[in-house]
2 protein chains.
Amino acid sequence: MMKKYTIKDIAQLAGVSKGTIDRVIHNRGNVAKDVENKVKRLLEDINYQPNLIARNLKNNRIYQIGALLPDPKKDAYWEVCTDGINQALSEFSAFDIRLHTMLFDPTDTESFIKSHQQLMTSAPDIILMVPLFYKEAKSVLKNYEEAGIQVCTFNNQIEVSKANFIGQDLYQSGRVAAKLLHTIADKGDMAIIHIDEKYKNAVHMQEKERGFKSYFDDLSGFQDHILKCKIRYTETEDKLRAFLINNSNLKGVFVTNSKAFHVARLLETENKNHIKLVGYDLLAENVNYLKVGVIDFLIHQNPRQQAYLGLKFLIEHLVFEKQIPNKFLLPIDIINSENVTPFLRD
Amino acid sequence: MMKKYTIKDIAQLAGVSKGTIDRVIHNRGNVAKDVENKVKRLLEDINYQPNLIARNLKNNRIYQIGALLPDPKKDAYWEVCTDGINQALSEFSAFDIRLHTMLFDPTDTESFIKSHQQLMTSAPDIILMVPLFYKEAKSVLKNYEEAGIQVCTFNNQIEVSKANFIGQDLYQSGRVAAKLLHTIADKGDMAIIHIDEKYKNAVHMQEKERGFKSYFDDLSGFQDHILKCKIRYTETEDKLRAFLINNSNLKGVFVTNSKAFHVARLLETENKNHIKLVGYDLLAENVNYLKVGVIDFLIHQNPRQQAYLGLKFLIEHLVFEKQIPNKFLLPIDIINSENVTPFLRD
DNA sequence: CGCATTACTGTGTTCGAGCACAATTTATGA
DNA sequence: TCATAAATTGTGCTCGAACACAGTAATGCG
């Protein structure tokens with residue numbers, strides 16, 4: 001096996017200087033056509049791969065990356081994103097990456113807009129964001145598109161946008177929840193419970209609901225009901241209790257976000273341990289209920305990995321000119337009390 | 001924010017030349033003590049991180065990596081390892097990595113030894129291997145240790161060896177299987193079925209069995225039996241059929257390797273669909289039975305990721321002098337018919 | 001023909017770290 | 001005091017790609 005070909009090798013093979021090879025590679029013109037063809041064929045023949053490392057040695061640019069993320073202080077779900085981001089930064093510590101993070105309140109659309117505007121003042125080359133609010137995100141993404149700033153989104157997909165997306169297939173994750181409940185729950189009614197967010201603007205919860213329903217629709221033998229319950233954060237406990245008590249044929253509950261622990265608390269105090277419970281995300285409170293068996297399964301959305309991959313893709317795009325995948329779907333992790341531990345690290 | 005510090009910057013700050021800085025960094029001596037202390041403090045203060053990329057530009061060594069892997073033609077479980085290896089190679093294509101792969105027959109210990117011996121003739125700098133056979137692997141690993149060749153193992157852990165290991169906690173994965181069966185199966189007996197490999201030399205199957213049993217031991221209310229059945233490849237069908245028919249109180253089956261489809265086939269033909277089945281690995285045959293509901297859950301051991309990480313760790317060790325983690329445990333993925341698709345890519 | 005313009009090609013420097021070797025300073029001994 | 005050895009420090013080249021700029025050849029035009 002030969003050592004890797006360098007520009008110098010190719011220059012020698014072609015009988016020209018490395019300057020000419022460089023001009024051919026980058027289509028910078030000023031090369032006689034016959035020479036150009038000859039060099040191009042040669043490059044093809046030996047499948048020349050430039051040394052990305054040497055290339056970036058010279059190119060010591062400072063890259064500005066903007067991040068528009070939900071404030072973990074307002075919702076613990078987002079805490080682990082920081083780890084993912086730090087991991088990506090440390091992996092690329094050889095390059096000069098400046099990350100400007102702006103946090104917004106995940107319950108407040110205005111805060112989202114404000115943070116966005118402030119982020120713009122740092123003149124980022126590229127953006128990583130969680131487009132939590134459908135309507136607002138759409139307009140913000142349009143802004144970036146017009147400004148010619150590439151964006152990578154995660155957690156929520158805004159289908160109409162051209163922005164790249166990293167996350168899970170939410171429709172399918174609803175189906176996974178349905179399959180799990182169908183496998184473990186006794187025959188009876190199933191409930192979809194949406195807690196805390198503005199349902200209309202939260203496409204992700206609607207998608208999960210659609211998937212959940214589609215699973216039971218596909219079943220030939222299912223004769224019971226799929227109930228639905230929307231709850232605001234302020235009214236959580238009373239409304240939930242009423243819902244659980246009034247539906248006596250209820251055998252399974254699907255909570256469409258990380259708030260399953262609210263339902264778990266009630267199931268425990270009301271002694272309704274025949275009702276199976278499936279929810280999302282490895283918050284400490286959820287994990288506790290999972291371990292004692294009140295929550296049966298959690299679906300892990302892996303926000304850490306989402307943030308990590310998003311930032312990694314962006315950096316590789318800036319530094320190595322790699323293409324960012326338009327849509328990158330993470331696997332849907334099923335978690336029970338026995339396999340939860342290693343996922344807490346991820 | 002400042003640009004990154006380089007050796008030149010530090011030399012200027014310390015009022016010496018970059019040669020001296022270099023000598024201090026690498027403890028190459030020939031530096032006056034007061035200067036050395038001054039520079040060391042300065043390096044600490046500004047937290048100097050050398051540019052790994054520039055470092056490796058000069059260091060254009062050719063690294064020889066040996067790989068001792070089971071032949072995918074003999075057992076489809078190993079097929080995806082190739083993908084993981086290719087991914088790692090392409091990620092580090094900037095460096096000159098030469099991979100020498102030797103395959104062995106996963107049912108034949110002699111083939112393992114032979115491949116090992118042949119691999120040694122290529123004088124590898126470092127080794128990636130699957131120590132499938134406990135006794136033989138132990139002696140092979142000792143060979144490498146004496147030759148001062150660092151080894152990274154995956155899939156099977158040889159506890160006594162100093163080699164690094166990537167894989168799953170097999171004891172815990174047995175517990176996961178137990179928890180799943182306990183969650184979905186009716187009250188009754190559970191069976192552990194070992195198919196195809198020499199049980200005594202297959203520590204991984206023993207570990208899974210131990211974990212499985214421990215879960216039921218921890219249960220206070222479990223009054224039924226944990227059965228056990230060892231089956232050779234040649235006798236699979238008849239012995240299995242007899243086992244399934246003779247144990248009428250059987251409600252759940254745990255197959256400790258990727259051969260669950262053998263059991264699934266029988267459960268289907270014998271119409272025993274009240275028996276729940278949990279096995280390992282996303283072989284096409286297993287996935288088919290998972291989709292039609294004969295297999296209820298599969299545990300994904302992610303051999304692709306194991307091979308990928310193993311090679312990645314080795315390369316980063318050679319190229320960047322990074323420490324290889326002594327033990328890297330992958331999460332235990334639970335797979336059902338609804339979340340299987342994205343895992344087939346991994 | 002001579003000079004300018006265009007067309008093309010080659011040379012040399014840069015990036016950051018590593019290392020060989022040259023250069024300088026300090027110490028030692030006769 | 002001076003030569004020489006020893007200790008310390010500085011200089012310059014290398015890696016591969018990128019690019020500015022210098023250099024050369026070919027062509028055009030009066």
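The chains referred to below are lettered A, B, ... by the order of the sequence lines, with proteins before strands, and numbering in each begins at 1.
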Item to check | Residue mapping more 5' on DNA chain C - nearest nucleotide basis, A:K18 or A:G29 | outcome: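 The residue closer to the strand's 5' end, by nearest nucleotide, is A:G29.
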
Next on the checklist: Pick the closest DNA chain C nucleotide for B:Y48 and for B:R23 by heavy atoms, then say which residue is nearer the 5' end.
Outcome noted: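 This one resolves to B:Y48.
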
Output the rounded distance in Å from [atom1] ([X]) to [atom2] ([N]).
X	N	atom1	atom2	answer
B:K33	D:dA7	NZ	C1'	11 Å
A:D34	C:dC8	CG	P	9 Å
B:I10	C:dA17	CD1	C1'	11 Å
A:Y5	D:dG16	OH	P	14 Å
A:F320	D:dA17	CZ	P	14 Å
B:Q49	C:dA17	CD	C1'	14 Å
A:K8	C:dG10	NZ	C1'	15 Å
B:N30	C:dT24	CG	P	18 Å

Checklist entry - If you measure only the distance, is there a donor-acceptor pair under 3.5 Å linking the side chains of B:H317 and B:Q323? => result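 No pair is found: no donor N or O on one side chain lies under 3.5 Å from an acceptor on the other.
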
Checklist entry - Would you say the side-chain atoms of B:N164 and B:Q150 include a donor-acceptor pair closer than 3.5 Å? => result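 There is such a pair between these side chains.
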
Checklist entry - How about A:H100 and A:R98: do any of their side-chain heavy atoms sit closer than 4.5 Å? => result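 Counting from C-beta outward, A:H100 and A:R98 do come under 4.5 Å.
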
Checklist entry - Would you find more than 12 non-hydrogen atoms of other residues, nucleotides or ligands less than 6.0 Å from A:Q12 atom CD? => result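 For A:Q12, atom CD is not crowded (no more than 12 foreign heavy atoms under 6.0 Å).
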
Next on the checklist: Any base atoms under 4.0 Å from A:N51, or only sugar-phosphate, or nothing? Heavy atoms, all strands.
Outcome noted: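 A:N51: backbone/sugar contact only, no base atoms under 4.0 Å.
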
Quick check on [N]: is either OP1 or OP2 less than 4.0 Å from any side-chain nitrogen or oxygen of [X]?
X	N	value
B:H26	C:dC19	no
B:T20	D:dT8	no
B:R55	C:dG18	yes
A:T6	D:dC15	no

Next on the checklist: Of the listed nucleotides (C:dC8, D:dA17, C:dT11), which one gets closest to any side-chain atom of A:A54?
Outcome noted: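 Minimum distance to the A:A54 side chain belongs to D:dA17.
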
Checklist entry - Is the ring centre of A:F320 less than 6.0 Å from the ring centre of A:F95? => result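 Ring centres of A:F95 and A:F320 closer than 6.0 Å.
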
Checklist entry - Between B:V31 and A:K58, who's closer to the 5' end of DNA chain D by nearest nucleotide? => result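 With B:V31 and A:K58 compared, the 5'-side residue is B:V31.
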
Checklist entry - On DNA chain D, nearest-nucleotide positions of B:A32 versus B:L57: which is more 5'? => result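 Nearest-nucleotide comparison on DNA chain D picks B:A32.
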
